[in-house]
Amino acid sequence: MNDNNWLRLKSLRGITRTGKKLHIDVSVYAKELSKSLHIKKRYSAKKRTKIKIKSSHKLQSILWKNGNLELLFDKKLRNNQINYYNKYDAKRKMYQYIFNIHASMLTRSQTLRKEGVSKIKLSQYNPNMLRLVIENSSPINVRFSKKPTKIIVRISSNKIIHNTVKYQHRIKPPTRIDRNKIIVIDPGHGGKDPGAIGYRGYKEKNVVLAIGKELRNILKARGYKVYMTRDGDYFVKLRNRTKFANRKNADIFISIHANAVSKHNAKKTYGLETYYLSKSRSSRAKRVAAIENSSDLIDMNYYGKESFLNTLNSHNIIAANKLAIDLQRSALASLKKRYRYVKDAGVREGPFWVLVGAQMPAVLVETGFITNPREAKRLVNRSYQKTLAKGLADGVQHYFINCRKSR
């Protein structure tokens, strides 16, 4: 059997299992099985390490030149390889200026130094992404330019030394055009309405509230104005959710839900999907909408069931479609970095009552199937909720950037 490792391991397992039941001494076989499994585990780990695909661009050198930080790469850089943003970490009270560069390092992570700046760190964030983080307790001015194979980062601190006397020179913190945007997050259901009841009795209303709060915290940390239709376990009528968003003059409305199917299909049905309001009545959209709309039958009558679709704002439908695409893409990208079996269930149109009446682009995110055992366990996990919320926050940021570019 030595030529067939799979058959050998299967036989050893059978011998040890049977021996224990019959109270026969099979310690020799048990040791051989343990040793074989250990070797297999090490081999598998090595194999997994080898198949990691790193970026084809490599960082060759880092140097300070004329007070600027220069990163030199082995190949010509594309514009979409560099993603820069800044944020304020309220918990640590630090201003952060972050560069995500699709490349890999030839050296280990490095902590760099510059007078007047608290911390500069360059590291390999994942096999395909290099991350440069500049931190300071007060705002600083960070700018960058791209040469064919080089990134030049200019860092100006707010401390200026002249004639051995220190003067404070006020520099406004870097701002983005989208910082003044208002976002309303709508965790579905609540109170008397638990939403879908899934695997192990998990309730949709609790899952979506937790994800909504994580999303709120991330967006606030990035400088957005964020409101929630509910921040506790209480019921809010469907029509009052968009009314709330309209009163706040929101720029976008994001309703968060968890999907469900029958027990017969629970194990094989999973995935994340995002809906935007439209006149579409596909069978899939009808099924999902029927579940989410069922919580407030009075509101369904209030909107006149069929006639409300004739009043939809076509401009908002187009914008909502773009928002849905950005949210879906970014959420999937964030989850796939850390989890396996993450499925893209698509961006779809649907007649959702909770989105009716919104005077801004409005979408409904089905964060996963609470009836699927694997996905349900993830949806109640804090780490998974944070990863998903980060992806949605990235989607919001991409949406506003794309809106600005299209003007």
Side-chain angles (χ1 to χ4, degrees), residues 54-89 92 94-160 169-181 218 221-224 330 333 390 393-407:
K54 291 194 174 184
S55 171
S56 60
H57 287 72
K58 291 180 173 59
L59 177 66
Q60 288 190 319
S61 65
I62 314 156
L63 58 94
W64 290 99
K65 189 174 181 181
N66 299 324
N68 300 324
L69 180 62
E70 294 192 0
L71 308 178
L72 182 64
F73 296 86
D74 63 340
K75 294 179 184 178
K76 187 177 178 180
L77 295 163
R78 302 184 303 274
N79 289 332
N80 61 2
Q81 280 185 258
I82 308 162
N83 181 24
Y84 166 70
Y85 65 94
N86 57 71
K87 65 177 184 177
Y88 179 68
D89 188 338
R92 295 176 57 230
M94 296 291 282
Y95 291 84
Q96 294 184 325
Y97 307 83
I98 301 168
F99 291 84
N100 288 329
I101 307 161
H102 291 279
S104 59
M105 294 179 67
L106 297 178
T107 57
R108 293 181 180 179
S109 299
Q110 295 192 36
T111 300
L112 310 171
R113 297 185 181 278
K114 182 175 175 65
E115 188 176 357
V117 179
S118 301
K119 185 179 179 181
I120 305 174
K121 186 172 181 180
L122 184 67
S123 61
Q124 194 71 46
Y125 183 66
N126 64 42
N128 294 303
M129 188 178 293
L130 185 68
R131 173 168 283 187
L132 172 68
V133 181
I134 302 163
E135 290 188 337
N136 203 49
S137 55
S138 59
I140 56 177
N141 188 21
V142 176
R143 293 175 297 156
F144 79 97
S145 59
K146 185 184 78 68
K147 303 292 183 182
T149 59
K150 188 187 297 183
I151 299 174
I152 302 170
V153 183
R154 297 172 178 83
I155 309 168
S156 302
S157 68
N158 60 349
K159 292 181 180 179
I160 297 177
H169 176 64
R170 292 193 68 180
I171 297 176
K172 291 181 180 180
T175 57
R176 296 197 312 263
I177 295 173
D178 59 357
R179 276 291 172 91
N180 62 344
K181 300 297 184 182
I218 295 170
R222 294 187 183 183
Y224 295 98
S330 297
K390 182 190 175 297
D394 291 343
V396 169
Q397 192 166 315
H398 291 155
Y399 169 75
F400 286 126
I401 291 170
N402 291 334
C403 285
R404 189 175 64 201
K405 286 178 180 177
S406 62
R407 285 175 186 171

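Model, not experiment: these values are computed from the prediction.
In this structure, Leu122 and Leu130 have side chains that are in contact, with non-hydrogen atoms separated by less than 4.5 Å. When side chains are defined from C-beta on, Gln110 does not count as touching Lys121, because their heavy atoms never get closer than 4.5 Å. Using a 4.5 Å heavy-atom cutoff, the side chains of Ile134 and Asn86 are not in contact. Within the 4.5 Å cutoff, no side-chain heavy atoms of Leu72 are placed close to those of Ile62. Counting heavy atoms from C-beta outward, Leu112 and Leu69 have side chains that approach closer than 4.5 Å.
For Thr111, there are no side-chain hydrogen bond (donor to acceptor under 3.5 Å, both in side chains) partners, not counting sequence neighbours. In this structure Arg143 satisfies the side-chain hydrogen bond (donor to acceptor under 3.5 Å, both in side chains) test with no other residue, sequence neighbours excluded. Among residues two or more places apart in sequence or in another chain, the salt bridge (Lys or Arg N to Asp or Glu O under 4.0 Å) test is passed with Asp89 by Arg92. For Arg78, the side-chain contact (heavy atoms from CB on, under 4.5 Å) test picks out His57, Asn80, Gln81, with sequence neighbours left out. Applying the side-chain hydrogen bond (donor to acceptor under 3.5 Å, both in side chains) test to Thr149 and every residue at least two apart in sequence or in another chain returns nothing.
The ring pair (Phe, Tyr, Trp, His ring centres under 6.0 Å) pairs that include a residue from residues 126-147 are Tyr84-Phe144, Phe99-Phe144, where partners are two or more places apart or lie in different chains.
Side-chain N or O atoms of Lys114 include none that pairs as donor or acceptor with a backbone N or O of Trp64 at under 3.5 Å. No donor-acceptor distance shorter than 3.5 angstrom exists from the side chain of Asn128 to the backbone of His102, with no hydrogens or angles considered. A side-chain donor-acceptor contact under 3.5 Å links Gln124 to the backbone of Ala103. Between the Asn126 side chain and the Met129 main chain, a donor and an acceptor come within less than 3.5 Å of each other.
The structure places OH of Tyr95 at 9.0 Å from OG of Ser137, a figure rounded to the nearest 0.5 Å. The distance from the CE atom of Met94 to the OH atom of Tyr88 is 9.5 Å, given to the nearest 0.5 Å. Taking NZ from Lys147 and NZ from Lys76, the interatomic distance works out to 13.0 Å, rounded to the nearest 0.5 Å. In this structure, Ile151 CD1 and Leu132 CG are separated by 8.5 Å, a value rounded to the nearest 0.5 Å. Remark: Glu135 CD to Gln96 CD distance equals 4.5 Å, nearest 0.5 Å. Between atom CG of residue Asn100 and atom CZ of residue Arg131 there is a gap of 4.0 Å, rounded to the nearest 0.5 Å.
The two residues Ser330 and His398 come nearest to each other via the heavy atoms OG-ND1, 3.1 Å. Across Ile140 and Tyr97, no two heavy atoms sit closer than the pair N-OH, 3.0 Å. Closest approach of Ser109 to Ser123, counting heavy atoms only: OG-CB, 3.3 Å. Annotation for Ala393 and Ile218: closest pair CB-CG2, 3.6 Å, computed over non-hydrogen atoms.
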**Report entry** Evaluation steps, side-chain contact (heavy atoms from CB on, under 4.5 Å), between Tyr85 and Gln397
**Finding:** CA-CA 10 Å; Tyr85 65 94; Gln397 192 166 315; 3.5 Å; yes

Report task. Would you sort out whether Met105 and Lys58 count as a side-chain contact (heavy atoms from CB on, under 4.5 Å), showing the intermediate values? Result -> CA-CA 6 Å; Met105 294 179 67; Lys58 291 180 173 59; over 6 Å; no

Requested in this report: Begin from the C-alpha positions of Lys119 and Val117 and carry the test side-chain contact (heavy atoms from CB on, under 4.5 Å) through to its verdict.
Outcome: CA-CA 6 Å; Lys119 185 179 179 181; Val117 179; over 6 Å; no

Query - Chi angles and distances behind the side-chain contact (heavy atoms from CB on, under 4.5 Å) call for Arg154, Ser145 - result: CA-CA 8 Å; Arg154 297 172 178 83; Ser145 59; 3.1 Å; yes

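When the shell of 6.0 Å around NZ of Lys146 is examined, it contains more than 12 heavy atoms from other residues, nucleotides or ligands.
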